[in-house]
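First the structure, in the form of structure tokens, and then the observations on it.
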Protein chains: 2
Amino acid sequence: MTKNTVRPISPKISDAPRAQKRSRPVQVADQIKRWVVERDLRKGDKLPNEAAMITQFGVSKGTVREAMRILEAQGLIVTKTGPGGGSSVGEVSKDRAMSLLGNYFYFKDLSLSDIYQMRKMLEPELVAHLAGKLDAETLVTLREMAHRHPEPARSPEEEKQQHISSLAFHARIADAAENELLGFVISFMARILTDLTVYRRLYEAPNRELWERGRRHQIELVDALERGDGPLARAIMLSHMEGAESMMNAQEIRIAREFMVE
Amino acid sequence: MTKNTVRPISPKISDAPRAQKRSRPVQVADQIKRWVVERDLRKGDKLPNEAAMITQFGVSKGTVREAMRILEAQGLIVTKTGPGGGSSVGEVSKDRAMSLLGNYFYFKDLSLSDIYQMRKMLEPELVAHLAGKLDAETLVTLREMAHRHPEPARSPEEEKQQHISSLAFHARIADAAENELLGFVISFMARILTDLTVYRRLYEAPNRELWERGRRHQIELVDALERGDGPLARAIMLSHMEGAESMMNAQEIRIAREFMVE
DNA sequence: GGTCATAATTTATCATAATAAATTTGGAAA
DNA sequence: TTTCCAAATTTATTATGATAAATTATGACC
């Protein structure tokens, strides 16, 4: 059978009773969303300009503008000035989606072990599925990333940089996932971890053995991916996750108090 | 060690060069975000009122209002009229977070097998971890949900209703997850599947055996969860996932073209 | 003390005008 | 004809002020 593609839906955009409670800008924004969906507009397709919407919806300029800001904040439209300008549909970027989701978890106090529990479930399976399917360019990139830091860090700042590089390696693999949902979740976790401000305890010297094993894991993982050895890739990734988790746990997390922004 | 809690961060809210390009409402919204973060404001804490922000930021009323709409659209603030009203911090609701994330996937054409690949990775592990940890109330609720439909559906509409009930069962389990990230992702998938408009092929009679097995799975799963038999719970859930997947694949998906709304 | 009408407060919406940004157009120069 | 600069045009952006709507606070009254 053909590939069933799936889209979010909610049949009732405006409940008749609730319609009164929602502010007019929100109502207008919802109508525009419906308008986009009905016509199956895609990225780049233009919306009516400001003046047209004012007459179309019978509301004031300010109301229309607030509605557009709502849609813009969600990443659904982009707006330009000048002739041929106006608003047009703009598909939500991955970065923006991660920021918006990050706002949700800002209030949730995720723990490191929460994140690593998920990573251990997802990333080994991902690389198992990916083995033998990566194109040459991706493999070259991954190999380059794996070899980027030939020596252990000599300072906390350098160690943090290496940590971020390692997470970029994982995000790069996630980008190669055919399953966009899987790829997104893994990238999101990498982003959360990247945005953390992590400081090694001062009295704890960098652990050369742990570092060396992490590096070897990456290199062996790329090899396994290239050879198409899924089970090995999975095993390496799982081992790597466990190592990374214990390294993280050996460090102090300075709690980051910032909303994600794109 | 104490539980490391983790928060999203981005160190550079306003890049100096980009600051000029962003519209004033966006800049104001960012400043308010920073204001909230610096003071570590929490849900319910009040923001300055409109008039104060106008003087504070030296912009017009319209600009402030657009900024508030941006923050409101992201679920970060709520606004009320009247004395004692104004804007206050409001933590992003799960529903809103799912809607915003749904907007991202609206353009991505996820496939059913993408979703089920994820479900098979996550849900069996979740119930394995949850076995023996659920409180009595949750178990009662789950058992009630599992027994809700004692007979196979006699019409496509009834079948769809049963399908939605089944997904609510899974969402209820996800809500019990200690790991909020894991729970969110599972709930999100349940929501996507719930919002689908699914119609059984007309020439294909409801399959009583498949239905019966799905129902038995739910009941046995609750038993295993109560007894604390993690491995069995995992096995049941995996089998259930596979059954659900094949049932979904045996149906026609009317592609749902709608944005999620809260 | 409870209830109801009224006042006060705050956001919500509207209307209008001026400003700024971006693109197109027109014309002069090569 | 082509190139390039400047004016005109289109569109969003910002600003200001006035009015409406919603909510809470107040106080008179029973």
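Keep in mind the model is a prediction, meaning the values are calculated, not measured. Throughout, a chain's letter reflects where its sequence line sits, starting with A, and its residues are numbered from 1. Note that these values count all heavy atoms, side chains included, but never hydrogens, waters or copies made by symmetry.
Residue contacts for A:Glu50: at a heavy-atom cut-off of 4.0 Å it reaches a base atom on one of the strands shown. If you check every strand for non-hydrogen atoms under 4.0 Å, A:Gly62 touches nothing.
What separates NZ of A:Lys80 from P of D:dT13 is a distance of 12 Å, to the nearest Å. In this structure, B:Arg22 atom CZ and D:dT13 atom C1' are separated by 17 Å, rounded to whole Å. What separates NZ of A:Lys61 from P of D:dG17 is a distance of 18 Å, to the nearest Å. Rounded to whole Å, atom C1' of D:dT11 lies 13 Å from atom CE of A:Met53.
A donor-acceptor pair under 3.5 Å is absent between the side-chain atoms of A:Arg148 and the main chain of A:Arg143, judged by distance alone. Here the side chain of B:Asp45 pairs a donor or acceptor atom with the backbone of B:Arg42 at under 3.5 angstrom. Here the side chain of A:Asp114 pairs a donor or acceptor atom with the backbone of A:Ser111 at under 3.5 angstrom. In this structure, A:Gln27 contributes its side chain and A:Arg22 its backbone to a donor-acceptor pair below 3.5 Å.
The nucleotide range of DNA chain C contacted by chain A, defined by atoms under 4.0 angstrom from heavy atoms of the protein and reported 5' to 3', is C:dT13 to C:dT23.
Taking side-chain N and O atoms only, A:Arg65 has a distance below 4.0 Å to OP1 or OP2 of D:dT13.
The two residues B:Arg69 and A:Pro25 make their nearest non-hydrogen contact at NH1-CG, 3.6 Å.
Where A:Gly85 and A:Ser60 each meet DNA chain C at their nearest nucleotide, the meeting point lying more 5' is that of A:Ser60. Judged by closest nucleotide on DNA chain D, A:Gly82 is the one of A:Gly82 and B:Glu66 placed further toward the 5' end.
Across D:dA22, D:dT14, D:dT11, the shortest atom-to-atom separation from the side chain of B:Thr81 is found for D:dA22.
The aromatic rings of A:Phe184 and B:Tyr104 sit tilted relative to each other, their planes meeting at an angle between 30° and 60°.
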